[in-house]
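Just so we're on the same page: letters track the sequence lines, and every chain starts at 1. Given the structure is predicted, the values throughout are model-derived calculations rather than measurements.
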Protein chains: 2
Amino acid sequence: MQEHEIIFEAFLEKQGLKYTKARKLILEIVFKLHEHFDVEYLYDLIHQVSKDVSRATVYRTIPLMVEAGLIQRSVRSESRDKYEHIYGHPRHSHWVCKNCGLVIETDIQDLMKLVQSEAKTQNFQIDEVNLTVRGICWKCRNNANESQ
Amino acid sequence: MQEHEIIFEAFLEKQGLKYTKARKLILEIVFKLHEHFDVEYLYDLIHQVSKDVSRATVYRTIPLMVEAGLIQRSVRSESRDKYEHIYGHPRHSHWVCKNCGLVIETDIQDLMKLVQSEAKTQNFQIDEVNLTVRGICWKCRNNANESQ
DNA sequence: CTCTTATTGAGAATGAATCTCATTTAACAG
DNA sequence: CTGTTAAATGAGATTCATTCTCAATAAGAG
Ligand SMILES: [Mn+2]
Ligand SMILES: [Mn+2]
Ligand SMILES: [Zn+2]
Ligand SMILES: [Zn+2]
């Protein structure tokens, strides 16, 4: 049994919830992914494996995985919420290109120090840190320059 | 004529768009506000002053003000997008309490230095920086402790 | 004024996310 | 096993913020 399964099962147990077939499968597929994903994309993947899991159950399972600390809401794009692993993945920032949609990720070790010291002075319990920068990536900047 | 009007009018001009009655009124009401606002809230305020501005026009004017650098999308809450001034307001982070909904804002001077140096190495043009921290505020933490 | 193009209001359409409810399943005690 | 109880589920309806359509109007240049 993999780490994330142990964590999820323990979480469910503690909440008096059941580690069902559907939840097992959803978790499994989520942890095979290594990109940002939205619910529709996830549902399609799951549906390829089993027709027995409904969209509603996928939607219902996501907040459970979030609460369990396994995934988090990431960049929202094309009007859909997107998610990504946090368990086993270093915290990072997102740099979104408004022009081509590219998403770059960078480490936020240094940032976290600032955030944590601020949290201390405010006595704020941090659950989730989200740094998103929007603008134009180097490629699109170059293209823009060339075409002048 | 106020700064933000000058900026908006110049922006529209440059885009070949017109500084109409409706846009004037929307801008005016937006800059009387000094809180985070969503479209519905803004529309209600506008509607009190004039019945002649439709919801559609409010929705259409917001991205124009964003593009003009006057406002930006802020924290999303209760499923609605929220906005806030950026013109004349220092950049700041948002600390959202998951329990009571409180939003605290803090300065991000130090953070911006990090972000800007990262942008330099990536050759990324920054349009918008969003730092949001979610968790539990000091008040809710105290309440939780007391009730044990 | 006349023309051209942008703008507008009203309401329809879209679509992600949530909800409802009848049915099924998990878990557990006997 | 069997019966009991509460949680979970699928299918589809519903919600509701946002976007779109389109006919009518306004702005602005000449
Ligand atoms: Mn990421
Ligand atoms: Mn703010
Ligand atoms: Zn790009
Ligand atoms: Zn709070």
Checklist entry - What parts of residues 1-30 of chain A reach DNA chain D, counting only heavy atoms under 4.0 Å away? => result A:L17, A:K18, A:T20, A:A22, A:R23
Next on the checklist: Taking side-chain contact (heavy atoms from CB on, under 4.5 Å) as the definition, give me every residue that meets it alongside A:Q72, ordered by chain and number, with sequence neighbours left out.
Outcome noted: A:E84, A:I86, A:E128
Checklist entry - Counting only heavy atoms not in B:K139, do more than 12 fall under 6.0 Å of its NZ? => result no
Checklist entry - Listed by chain and number, what are the salt bridge (charged side-chain N to carboxylate O under 4.0 Å, His left out) partners of A:R60, not counting sequence neighbours? => result none
Item to check | Contacting residues from residues 45-82 of chain B, given that a heavy atom lies under 4.0 angstrom of DNA chain D | outcome: B:A56, B:Y59, B:R60, B:S79, B:R80, B:D81
Checklist outcome for this item: Using a 4.5 Å side-chain heavy-atom cut-off and chaining through intermediate ILVMFWY residues, the residues clustered with B:V75 come out as B:V96, B:V103
Checklist entry - Taking atom C1' of D:dA17 as reference, at what distance in whole Å does atom OH of B:Y41 sit? => result 19 Å
Next on the checklist: Enumerate the ring pair (Phe, Tyr, Trp, His ring centres under 6.0 Å) contacts for residues 103-131 of chain A, please, sequence neighbours excluded, ordered by first and then second residue.
Outcome noted: A:F124-B:W95
Next on the checklist: Students often mix this up, so state it plainly: with edges at 30° and 60°, are the rings of A:H85 and A:F31 parallel, tilted or perpendicular?
Outcome noted: parallel
Next on the checklist: I'd like to check the salt bridge (charged side-chain N to carboxylate O under 4.0 Å, His left out) partners of A:K120; sequence neighbours left out, ordered by chain and number.
Outcome noted: none
Checklist entry - Considering residues at least two apart in sequence or located in another chain, which fulfil the salt bridge (charged side-chain N to carboxylate O under 4.0 Å, His left out) criterion with B:D107? => result none
Checklist entry - Going 5' to 3' along DNA chain C, which nucleotides are the first and last within contact of chain A (any atom under 4.0 Å from a heavy atom)? => result C:dA16 to C:dA27
Checklist entry - Using rotation axes that map the C1' atoms of four end pairs onto the next four (five pairs an end), what angle separates the end axes of the helix from C:dC1-D:dG30 to C:dG30-D:dC1, to 10°? => result 30°
Item to check | Neighbour count >12 (heavy atoms, 6.0 Å) for atom CD, A:Q109 | outcome: no
Item to check | Pairing residues for A:R141 by the salt bridge (charged side-chain N to carboxylate O under 4.0 Å, His left out) criterion, not counting sequence neighbours | outcome: none
Can you list, pair by pair, the side-chain donor-acceptor contacts under 3.5 Å of residues 4-23 of chain B, counting residues two or more places apart and other chains?
residue : atom : partner : partner atom : Å
B:E5    : OE2  : B:Y19   : OH           : 3.1
B:T20   : OG1  : B:R23   : N            : 3.4
B:R23   : NH1  : B:K18   : O            : 2.8

Checklist entry - According to the interplanar angle, ranging from 0 to 90°, do the rings of A:H36 and A:H94 count as parallel (below 30°), tilted (30 to 60°) or perpendicular (above 60°)? => result perpendicular
